[in-house]
Amino acid sequence: MPKKRSPAAVKKSSPVADRVRWQAGTMVYPAPAALVSCGNRDTGFNLITVAWTGNVCSAPAQCYISVRPERYSYRLIKETGEFAINLTTAALVRAVDWCGVKSGRDFDKFKECNLTAQPAFSIGAPVVAESPLAIECRVKQIIPLGAHDMFLAEVVALNAAGKLLDREQSFDLASAQPLVYLHGKYYALGRPVGYFGFSVAKKKRVKS
Ligand SMILES: Cc1cc2nc3c(=O)[nH]c(=O)nc-3n(C[C@H](O)[C@H](O)[C@H](O)COP(=O)(O)O)c2cc1C
C-alpha cells in the first residue's frame, strides 16, 4: 500500500487558486477493502486483503486484483488460477486488517480470524461464509505492471448470502454496511445520496 500523503509531498503551488500539485500516485479512492480467498485443498487455503481490485468489463463479466509477487498468496493464485473476491462489511473490519498485515506463510488466517472457509460453486478456492457476496474468479491473464502484477479474471459465479435477498429476490448489499478503504482508513458506507439515473428521472406529478 502507498504511504499516506502529507503536506510535505506538495511540490509546487498551482497558479489556479486553491489547487496544489502532489507527486503522482495511486489515489483513486475509496477502494474496496476485499478479502481475497485463494488456494485449494491440495495447497491449503489463504486470505489476503486487497484494495487494488475492481470491475473491468460487464460482458463477459471480468474483474482484476493486483498483487505483489512477494506475497504468499501470489504463488497460490498463480498456481491454481483461481480466487474469490469476498466483499466485506463493518463487522469484518478486524479480519480485513489482520489478513492485510499477517502472512499465510505463518498463520492459518481462516482459523485466526474465526472465518468459515465454505466450498465455492465453481472454483477450488473457498469463499468466506461471513461475506455478503463472494465473486468467484478464474484467472485469464497475468499482467506485470511494476510493483504489482494484475490478475485479470473472468467471473465464473456470484456467491451471495441468502439473508441479503429480499422478497423480490433483489440484493440488499447496503444493509450489510460495505467496507471501503480510503487513504489509510476503513469506512463503512452509510447514507445513500442518490440512485442510478436520479439526476434525469422525471418527477412524479403531484395531483392538485
Ligand atoms: C487495506 C489493505 C489493502 C491491501 N491491498 C493490497 C493489494 O491490493 N495488493 C497487495 O499485493 N497487497 C495488499 N495489501 C497487503 C497484503 O494484504 C499483505 O501483505 C498480506 O499480509 C499478504 O498476505 P499473504 O502473505 O498471506 O499473501 C493490503 C493490505 C491492507 C491492510
Side-chain angles (χ1 to χ4, degrees), residues 1-6 24-56 62-117 120 123-128 130-137 139-153 155 176-189:
M1 285 281 86
K3 288 207 176 75
K4 278 185 82 174
R5 282 168 195 279
S6 66
T26 42
M27 288 292 284
V28 180
Y29 283 125
L35 273 175
V36 169
S37 43
C38 54
N40 58 30
R41 291 202 176 281
D42 298 328
T43 63
F45 302 149
N46 194 35
L47 288 165
I48 172 173
T49 301
V50 162
W52 290 177
T53 178
N55 302 308
V56 286
Q62 287 160 84
C63 56
Y64 79 95
I65 56 169
S66 284
V67 180
R68 289 182 180 258
E70 60 267 29
R71 308 282 189 240
Y72 178 68
S73 304
Y74 180 95
R75 188 178 56 82
L76 293 179
I77 297 168
K78 192 173 176 181
E79 273 177 25
T80 60
E82 293 175 342
F83 61 88
I85 301 169
N86 300 271
L87 301 188
T88 60
T89 63
L92 291 168
V93 66
R94 283 196 74 82
V96 167
D97 192 62
W98 204 86
C99 292
V101 293
K102 300 286 182 186
S103 179
R105 280 188 197 97
D106 310 314
F107 296 97
D108 175 344
K109 296 195 196 179
F110 276 98
K111 189 165 155 242
E112 296 291 333
C113 296
N114 282 321
L115 294 174
T116 316
I123 58 173
V127 300
V128 175
E130 291 77 5
S131 158
L133 182 72
I135 300 152
E136 300 183 15
C137 298
V139 177
K140 288 178 68 168
Q141 229 180 306
I142 303 176
I143 305 167
L145 298 173
H148 294 72
D149 281 7
M150 179 197 260
F151 290 93
L152 182 63
V155 177
Q177 291 189 286
L179 199 67
V180 295
Y181 182 67
L182 199 162
H183 206 205
K185 288 191 178 138
Y186 306 102
Y187 293 82
L189 289 187

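Note that ligands are numbered from 1 as they come in the structure, with each ligand's atoms numbered from 1 the same way.
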query: Is there at least one pair of N or O atoms, one from R105 and one from ligand 1, spaced under 3.5 Å apart?
result: no

query: Heavy-atom contact under 4.0 Å between C99 and ligand 1?
result: yes

message: Please check whether S103 reaches ligand 1 - meaning an N/O of the residue sits under 3.5 Å from an N/O of the ligand, judged on distance alone.
response: yes

message: Are the side chains of I48 and R71 in contact, using a 4.5 Å heavy-atom criterion?
response: yes

query: Do any N/O atoms on I48 end up under 3.5 angstrom from N/O atoms on ligand 1?
result: no

message: For the 3.5 Å polar cut-off, considering only N or O atoms, please tell me whether G104 and ligand 1 meet it.
response: yes

message: Contact between V67 and D149 at the side-chain level, heavy atoms closer than 4.5 Å - yes or no?
response: no

statement: Numbered in order shown, the ligand 1 atoms found under 4.0 Å of a heavy atom of H148 are 9 (N), 10 (C), 11 (O)

message: Is there a polar contact, in the sense of an N or O pair closer than 3.5 Å, between Y186 and ligand 1?
response: no

query: Where does V101 meet ligand 1, judged by heavy-atom distances below 4.0 Å: at the side chain, the backbone, both, or neither?
result: backbone

task: Indicate whether the side chain of D97 and that of Y186 have a donor and an acceptor atom separated by less than 3.5 Å.
output: yes

- prompt: Counting each atom of ligand 1 from 1 as listed, which ones have a heavy atom of W52 under 4.0 Å away?
  reply: 8 (O)

- request: Output yes when the distance from some N or O of ligand 1 to some N or O of D97 is under 3.5 Å, and no in every other case.
  value: no

